[in-house]
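A short worksheet on the structure shown next.
What you see below is based on every heavy atom in this structure, not just the backbone, and it leaves out hydrogens, waters and symmetry mates. Quick note on labels: first sequence line is chain A, next is B, and so on, each numbered from 1. From a predicted model like this one, the values you see are computed outputs, not experimental measurements.
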There are 2 protein chains.
Amino acid sequence: MENTATTDRKAAERAARKELILQGALTVFKEKGLEGAKIDEIARVSGFGKATLYYYFSSKEEIFNALLLHGWLSLWRELEETAVGGDSPRRTFISMLKKIAETVNADRPLYEFLFQAPKSFTAEENNRAEWKAYQNRLYKVLMELIEQGITEGQFPQMEPRLILKAMGGLFHGLVFWGADRGSITEDEIEEMLGNLLRGN
Amino acid sequence: MENTATTDRKAAERAARKELILQGALTVFKEKGLEGAKIDEIARVSGFGKATLYYYFSSKEEIFNALLLHGWLSLWRELEETAVGGDSPRRTFISMLKKIAETVNADRPLYEFLFQAPKSFTAEENNRAEWKAYQNRLYKVLMELIEQGITEGQFPQMEPRLILKAMGGLFHGLVFWGADRGSITEDEIEEMLGNLLRGN
DNA sequence: CGGTTATTCGAACGAACGGTCGAATAATAG
DNA sequence: CTATTATTCGACCGTTCGTTCGAATAACCG
């Protein structure tokens with residue numbers, strides 16, 4: 001049998017290789033989507049033989065899901081704290097958007113993928129995926145903030161889903177456009193939201 | 001040779017059959033997307049043999065593009081008039097959204113498809129497609145209205161693309177949610193926009 | 001009618017692709 | 001060292017699916 005140190009090292013190497021594969025997969029998935037990405041290409045880009053990919057992952061979809069899970073989980077972990085801070089709904093909402101922007105800017109390729117990828121799915125297969133839980137958790141928090149904010153007169157009197165959708169579109173554009181200039185400042189977010197969200 | 005009446009009738013029948021195929025294709029594409037839709041299924045749903053589809057269209061992609069072209073062209077034709085009416089930017093913008101809502105409600109399956117479909121593409125192949133011209137034309141008009149509106153103080157002072165994106169998200173939600181209740185009233189649009197667009 | 005053209009269609013083709021196999025190599029243990 | 005296990009990989013397999021073929025039928029014309 002192996003000694004403990006060896007076992008640990010091997011586990012670490014294994015994890016590192018999985019990471020490399022995911023990195024290559026991200027590149028290809030981003031460019032081609034779920035169907036368009038070929039296993040052969042992912043293998044080539046990540047620098048492993050095709051069969052080796054299957055030594056680490058059991059299917060193409062598992063790779064895809066691992067990527068999404070990693071993304072949504074990371075994002076959620078970053079936001080968890082902000083979500084429960086006892087500020088007003090409107091201020092909490094804005095804080096969360098700022099935090100999301102920061103997180104996204106720390107790993108743009110991953111999050112660009114994250115926010116485009118769900119469109120690759122039909123509703124059916126979507127709901128069996130593990131990552132979906134974290135996405136839902138985030139949406140739920142934002143929705144509740146909006147609902148709360150509406151009753152307190154800090155948001156326009158509109159269907160909350162609509163507000164979320166509009167804010168989502170706006171925010172997505174805000175964060176992902178201008179990839180050339182580094183990142184969005186907090187002031188810009190503040191100003192931009194101020195333009196759309198009245199009250200307070 | 002055939003006489004004129006016969007030729008006409010046959011052309012009409014041919015067009016009608018193309019229409020039937022497109023109708024079936026719409027059903028399948030909507031449900032499965034470009035990759036997910038199988039030619040066999042489109043054939044089955046539209047009631048023709050598989051080879052017959054290729055007697056009318058030269059490829060799966062041609063069917064897909066024909067569908068998109070038909071949609072964007074129809075939509076543009078509906079809007080053309082409204083776009084050039086000499087009203088204020090803000091009022092013209094709102095009129096156009098109303099008109100879009102009406103048009104969409106007149107053939108929901110087609111337009112639901114139209115507004116979801118572009119995501120099936122990569123940027124590359126997107127720009128060679130004929131329908132893209134009409135989509136761009138529409139976006140351009142809306143963008144110009146927003147830009148004009150901003151300088152006249154009828155829209156918030158924001159990056160026009162962002163406004164368009166936010167309005168797009170909002171409008172999309174507004175029109176396509178609640179498929180159960182018939183259609184959105186003009187008043188609702190007016191009110192909803194009023195909440196987001198200050199000035200005027 | 002017979003000849004010609006238009007239309008229809010299932011069977012067959014061939015390329016693409018996800019996934020597996022089995023052999024080869026490297027790492028580890030005793 | 002040998003034995004055992006972990007890892008790597010290109011060749012291969014089976015399926016799926018867009019497209020084409022070739023024969024059959026229908027429509028039309030003189």
Side-chain angles (χ1 to χ4, degrees), chain A residues 1-25 27-29 31-67 120-122 125, chain B residues 1-29 31-67 120-122 125 129:
Chain A
M1 282 299 135
E2 293 165 346
N3 66 49
T4 322
T6 305
T7 305
D8 284 358
R9 174 179 55 74
K10 288 177 78 168
E13 282 177 356
R14 190 178 168 85
R17 274 177 236 126
K18 281 188 94 155
E19 196 51 51
L20 277 178
I21 293 172
L22 287 179
Q23 217 171 296
T27 310
V28 182
F29 279 134
E31 199 178 339
K32 311 280 180 68
L34 173 56
E35 310 259 357
K38 313 304 172 199
I39 288 284
D40 284 274
E41 190 177 358
I42 296 178
R44 190 173 49 72
V45 169
S46 51
F48 292 89
K50 189 216 280 240
T52 306
L53 261 59
Y54 283 90
Y55 186 71
Y56 289 92
F57 296 92
S58 72
S59 72
K60 179 178 169 179
E61 227 189 276
E62 186 184 313
I63 297 178
F64 194 81
N65 284 335
L67 222 37
S120 311
F121 287 104
T122 68
E125 51 201 354
Chain B
M1 283 298 135
E2 290 166 348
N3 67 50
T4 322
T6 304
T7 306
D8 285 357
R9 173 178 54 75
K10 287 175 80 169
E13 282 176 357
R14 192 179 167 85
R17 274 176 237 127
K18 281 187 97 157
E19 196 51 52
L20 276 177
I21 293 172
L22 287 179
Q23 216 171 297
L26 175 58
T27 310
V28 182
F29 279 134
E31 199 178 340
K32 312 280 179 71
L34 175 55
E35 310 260 356
K38 314 305 174 199
I39 288 285
D40 283 276
E41 190 176 359
I42 297 178
R44 191 173 47 73
V45 169
S46 51
F48 292 89
K50 190 215 279 237
T52 305
L53 261 59
Y54 283 88
Y55 187 71
Y56 289 93
F57 297 91
S58 70
S59 73
K60 179 178 169 178
E61 227 189 276
E62 188 185 310
I63 298 178
F64 193 81
N65 285 335
L67 222 36
S120 310
F121 287 105
T122 69
E125 49 202 356

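Atom NZ in B:K38 sits about 12 Å away from atom P in D:dT19, given to the nearest Å. For the pair A:Y56 OH and D:dC9 C1', the interatomic distance rounds to 12 Å; values are reported in whole Å. Between B:L53 atom CG and C:dT8 atom P the separation is 10 Å, expressed in whole Å. Counting to the nearest Å, the C1' atom of D:dC9 and the CD1 atom of A:I21 are 13 Å from each other. For the pair B:I39 CD1 and C:dC9 C1', the computed distance is 15 Å after rounding to whole Å. Atom CG of A:L20 is separated from atom P of D:dT7 by 15 Å (rounded to the nearest Å). Straight-line distance from the CZ atom of A:F57 to the P atom of D:dT7: 14 Å, rounded to whole Å. Separating the CZ atom of B:R44 from the P atom of D:dC17 is a distance of 13 Å, rounded to the nearest angstrom.
Screening residues 15-25 of chain A for salt bridge (Lys or Arg N to Asp or Glu O under 4.0 Å), with sequence neighbours left out, gives A:E13-A:R17. Within the structure, the salt bridge (Lys or Arg N to Asp or Glu O under 4.0 Å) test picks out the following pairs touching residues 39-56 of chain B (sequence neighbours left out): B:K32-B:E41, B:D40-B:K50, B:E41-B:R44.
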Using atom names, set out every protein N or O paired with an N or O of nucleotides 11-15 of chain C below 3.5 Å, distance rounded to 0.1 Å.
none

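For B:R14, no side-chain nitrogen or oxygen approaches OP1 or OP2 of C:dA6 to under 4.0 Å. For the OP1/OP2 pair of D:dC9 and a distance below 4.0 Å, the side-chain nitrogens and oxygens of A:T52 include at least one atom meeting the criterion.
Looking at A:K38, its side chain does come within 3.5 Å of a backbone N or O of A:E35 through a donor-acceptor pair. Between the A:S46 side chain and the A:I42 main chain, a donor and an acceptor come within less than 3.5 Å of each other.
Applying the side chain to side chain donor-acceptor pair (under 3.5 Å) test to A:Y54 and every residue at least two apart in sequence or in another chain returns nothing. Under the side chain to side chain donor-acceptor pair (under 3.5 Å) criterion, B:E62 pairs with B:S58, not counting sequence neighbours.
Each of D:dT19, C:dC17, C:dT7 was ranked by its minimum atom distance to the side chain of B:Y55; first place goes to C:dT7. With C:dC9, D:dT19, C:dT20 as the candidates, the nucleotide lying closest to the side chain of B:Y54 is D:dT19. You'll find that the side chain of B:K60 is closest to D:dT19, out of D:dT19, C:dG18, C:dC9.
Mapping B:E13 and B:S58 onto DNA chain D by nearest heavy atom places B:S58 closer to the 5' end of the strand. For the pair B:G49 and A:D40, nearest-nucleotide mapping onto DNA chain C gives the more 5' position to B:G49.
Interatomic distance, A:L22 CG to A:F29 CZ, rounded to the nearest 0.5 Å: 9.0 Å.
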